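Predicted, not measured: the structure shown is a model, and the values here were computed from it. Within every chain, numbering begins at 1; the chains are lettered A, B, ... in the order of the sequence lines, protein sequences first and strands thereafter.
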Protein chains: 2
Amino acid sequence: MKENKNQLLSPAEYIPHLAFDSVIFGFNGRELKILVLEYHNTGLFALPGGFVKHNETLDTAVKKGLEVRTGIKDVYLEQFHTFGGLSRFQPEIMKTILEANHISSVENEWMLKRFISVAYYALINFTDVKPTPDALADSIDWYAIDSLPKLMLDHQDIVNKALETLRENLDRKLIGMNLLPNKFTMKDLQLVYEAILGTKLERTAFQRKMLNKDILVRHEKLFSGGAHKAPYLYSFKS
Amino acid sequence: MKENKNQLLSPAEYIPHLAFDSVIFGFNGRELKILVLEYHNTGLFALPGGFVKHNETLDTAVKKGLEVRTGIKDVYLEQFHTFGGLSRFQPEIMKTILEANHISSVENEWMLKRFISVAYYALINFTDVKPTPDALADSIDWYAIDSLPKLMLDHQDIVNKALETLRENLDRKLIGMNLLPNKFTMKDLQLVYEAILGTKLERTAFQRKMLNKDILVRHEKLFSGGAHKAPYLYSFKS
DNA sequence: GTTTTATTGTTTCATATTGTTACAATAATA
DNA sequence: TATTATTGTAACAATATGAAACAATAAAAC
């Protein structure tokens with residue numbers, strides 16, 4: 001990770017007091033997961049985030065940050081809330097992180113200030129992501145949303161709000177689309193919905209509802225080798 | 001307004017580059033309106049907004065700002081989006097405003113910088129508001145949402161997004177509650193819904209739906225003097 | 001007083017949506 | 001060829017929604 005420290009954090013380049021955090025959702029076929037990073041030698045876990053340059057749109061800052069972290073372009077990305085509480089402001093924590101990385105907290109005093117953070121969630125195809133840690137972190141890993149480590153500052157609140165928003169948007173937006181591979185079975189789709197909602201759904205009602213939405217294209221069958229009828233594969237209409 | 005200029009804008013007190021804007025909805029019985037202010041001698045119209053102090057929560061900054069502007073405490077207030085585009089950054093416009101108010105744009109250079117704005121909408125009881133203009137503006141008035149003046153910067157986008165969010169939340173949150181007086185008829189409530197959605201609704205279906213929600217308490221009838229059956233008054237369940 | 005008028009509250013019926021159950025189809029295996 | 005597990009579809013019930021009819025009633029007109 002040493003080479004990352006060069007690309008660091010020239011204070012004048014960034015808008016002070018403003019950050020973003022991202023809740024990056026992925027689905028491994030059974031569980032809903034998010035990316036969480038751990039700061040080197042601190043035991044501190046956090047959501048991947050970043051800062052916004054003076055000449056750069058908020059949205060593009062986040063988009064670029066996500067690409068760096070996951071290697072993926074064209075992610076489904078949605079802003080859902082801006083966190084501006086005072087509980088966010090704990091300079092000792094940031095100091096700990098900087099010191100653990102042997103970075104002068106004097107030179108980087110701006111990072112010890114209070115930050116307002118605009119939070120986004122992203123939905124990505126679990127399988128084709130290359131998680132890449134922060135300049136300050138030494139690992140980033142997938143965690144199931146119901147067994148996250150204790151997150152620093154208000155990051156657990158951010159996750160909760162992201163999940164809440166995801167649930168509210170589930171029927172209105174094509175959320176399943178962005179968490180699945182191109183082709184998938186009806187069961188795959190149902191598993192995504194169940195993972196997000198945290199409940200079981202009726203198989204037949206779910207199938208009927210999805211088909212009636214007229215958003216799916218049916219393809220060839222998938223012969224899995226199981227001793228039973230083979231399911232159709234579907235994709236979302238362009 | 002002269003006396004307002006004293007309470008102005010000490011640069012060090014506020015978080016730089018961060019602002020909020022508020023879309024304040026009111027309902028006059030027929031139309032949905034919002035508060036828009038006009039900057040002195042500039043012909044520029046804008047949403048009421050403000051800045052956030054270093055030791056103050058984002059939410060409380062907005063709450064206090066609203067109280068100053070409307071005289072109302074305990075407003076229904078909801079954050080809905082943060083605007084961070086570059087089209088927001090037009091220092092000449094801010095300069096014009098400051099100069100029109102005989103305020104040095106040198107001393108207040110921080111106000112000419114780029115701002116990211118967190119937008120909130122508020123729902124208030126039209127009748128008991130005392131609109132009070134900005135330190136920089138000389139009027140603030142109600143405008144029907146479909147006949148707003150041309151707003152500066154991206155403020156029209158902010159209004160559009162507020163309205164969109166309001167419509168999406170209409171059935172989930174008790175929006176009508178905050179736009180009506182304590183007691184109201186079913187027709188009053190329907191008019192609020194119609195004004196927000198911009199469409200006509202079926203009277204009987206609307207009534208049934210509202211009654212089935214089990215959120216209303218029925219009170220005495222309202223004898224308006226009209227030559228017809230008197231409607232019941234309702235209030236929202238505490 | 002009786003009739004008329006406008007509006008409101010409720011009911012009814014048709015239609016659409018959702019929940020539940022049943023059943024037929026079928027890919028591999030025994 | 002029969003068995004097994006799973007999938008697709010159909011059938012029926014329960015619920016919600018849209019549209020229309022109908023009954024109630026406050027004030028004004030007569």
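Aromatic ring orientation, B/Phe45 versus B/Tyr143: perpendicular (interplanar angle above 60°, classes split at 30° and 60°). In this pair, A/Phe126 and A/Trp142 present their aromatic rings tilted. The plane angle is within the 30 to 60° band.
B/Lys209 places its NZ atom 19 Å from the C1' atom of C/dT10, with the value rounded to the nearest Å. One interatomic measurement links the two molecules: CG of A/Leu189 to P of D/dT7, which rounds to 13 Å at whole-angstrom precision. The CZ atom of B/Arg208 sits 15 Å away from the P atom of D/dT15 (whole-angstrom rounding). With rounding to whole Å, B/Phe206 atom CZ is found 13 Å from D/dT17 atom P. Distance CG (A/Leu211) to C1' (D/dG8): 9 Å, rounded to an integer number of Å. At whole-Å resolution of the value, CD in A/Glu202 and C1' in D/dA14 are 14 Å apart. Following rounding to the nearest Å, A/Met210 (CE) and C/dT18 (P) show an atom-to-atom distance of 10 Å. Distance NZ (B/Lys200) to C1' (D/dA19): 17 Å, rounded to an integer number of Å.
Annotation: side chain of A/Ile196 is in contact with side chain of A/Leu179 (closest heavy-atom distance under 4.5 Å).
Take A/Phe89 and apply the ring-ring contact (aromatic ring centres under 6.0 Å, His included) test, not counting sequence neighbours, and it matches no residue.
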Under 3.5 Å, side-chain donor or acceptor atoms of residues 199-213 of chain A against the rest of the protein: list the pairs with distances, not counting sequence neighbours.
{"unit_1": "A/Asn212", "atom_1": "ND2", "unit_2": "A/Arg208", "atom_2": "O", "d": "3.4"}
{"unit_1": "A/Lys213", "atom_1": "NZ", "unit_2": "A/Asp171", "atom_2": "O", "d": "3.3"}

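At distances below 3.5 Å, not a single donor-acceptor pair connects side-chain atoms of B/Arg218 with backbone N or O atoms of B/Tyr234.
With the nearest nucleotide of DNA chain C identified for both A/Ala205 and B/Gln207, B/Gln207 has the one nearer the 5' end. For the pair B/Asn212 and A/Lys187, both in contact range of DNA chain D, the more 5′-proximal nearest nucleotide belongs to A/Lys187.
Picking from C/dT20, D/dA21, C/dT8 the nucleotide with the shortest atom distance to the side chain of B/Thr204 gives D/dA21.
Side-chain rings of B/Phe184 and B/Phe236 approach one another, their centers coming within less than 6.0 Å.
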*Letter per nucleotide, 5' to 3', of nucleotides 22-30 of chain D [B base touched, S only sugar-phosphate touched, - untouched; heavy atoms, 4.0 Å]*: --BBBB---

